[in-house]
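Not measured: the values here are computed from a predicted model.
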Amino acid sequence: MAKTAIAYKEKMKEISVLSLICSCLYPESRKNILGDFEDMDIKPINKRASGQAFEVILKPPSPTSDAAHCITSPPKRDISLEDIQKKLEAAEDRRRSQEAQILRILAEKREHEREVLLKAMEENSNFSRMAEEKLQVKMEQIEENRQAYLAAIMERLQERERHAQEVRRNKELREELMP
């Protein structure tokens with residue numbers, strides 16, 4: 001599958017866009033292209049009003065092309081016990097480093113959460129204190145207004161009482177003067 005895909009990509013690079021278009025429009029020139037690319041078939045599909053479709057079919061790669069595409073891996077060298085030990089130690093160091101980094105990040109998050117909680121508690125305390133102070137001021141104002149209202153009522157009552165005494169005195173004086 002991978003070799004087929006690689007071969008397809010290479011063949012698509014070899015075919016110019018112009019020759020592809022020509023092969024669709026002029027079927028007689030397609031025969032020349034087929035001669036140039038023997039490991040590929042181009043078949044026209046049902047013609048449509050919007051254009052012409054075609055299918056490109058790759059033939060199985062030949063044995064000669066396999067050798068050209070085969071890439072050999074470098075020879076493996078023997079791994080010693082010391083190399084394995086060094087790799088294990090390096091992996092352990094990386095693991096410890098990652099663990100320490102994760103712990104540091106978690107500690108920073110916890111510290112941030114603690115700071116946020118402290119700030120929220122402080123703001124809540126300030127809000128409560130301010131609300132209590134406002135309530136105290138309001139209660140004092142209400143008490144002052146009540147005392148002023150009661151004092152005004154008492155003064156009016158006293159005023160009426162004085163007026164009533166004056167009226168009584170005047171009435172008594174009239175009765176004394178009118179025999």
Please report the interatomic distance [atom1]([X]) to [atom2]([Y]), rounded to the nearest 0.5 Å.
X	Y	atom1	atom2	result
Leu118	Glu113	CG	CD	12.0 Å
Glu144	Met139	CD	CE	12.5 Å
Arg156	His163	CZ	NE2	15.5 Å
Lys86	Ile79	NZ	CD1	13.0 Å
Glu166	Arg169	CD	CZ	6.0 Å
Leu157	Arg162	CG	CZ	11.0 Å

- Message: Applying side chain to side chain contact (heavy atoms under 4.5 Å, CB included) to Lys119 and Glu115, what does each step give before you reach the verdict?
- Response: CA-CA 6 Å; Lys119 186 175 180 182; Glu115 288 173 1; over 6 Å; no
- Query: Given Arg95 and Glu99, is the side chain to side chain contact (heavy atoms under 4.5 Å, CB included) satisfied, shown in steps?
  - Reply: CA-CA 6 Å; Arg95 185 188 61 76; Glu99 215 172 77; 2.9 Å; yes
- Can Arg168 and Gln165 be said to form a side chain to side chain contact (heavy atoms under 4.5 Å, CB included), step by step? CA-CA 5 Å; Arg168 280 186 218 121; Gln165 284 178 358; 3.8 Å; yes
- Query: Quick one: do the Glu132 and Gln136 side chains pair a donor with an acceptor below 3.5 Å?
  - Reply: no
- Query: Taking Ser128 for the side chain and Asn124 for the main chain, is one N or O donor matched with an acceptor at less than 3.5 Å?
  - Reply: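 Side chain of Ser128 to backbone of Asn124: a pair is present.
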- Assess whether atom CD of Gln147 is packed by more than 12 heavy atoms of other residues, nucleotides or ligands within 6.0 Å.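 Yes, the 6.0 Å shell around CD holds more than 12 heavy atoms from other groups.
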- Query: Do the non-hydrogen side-chain atoms of Glu92 and Leu88 ever get within less than 4.5 Å of each other?
  - Reply: no
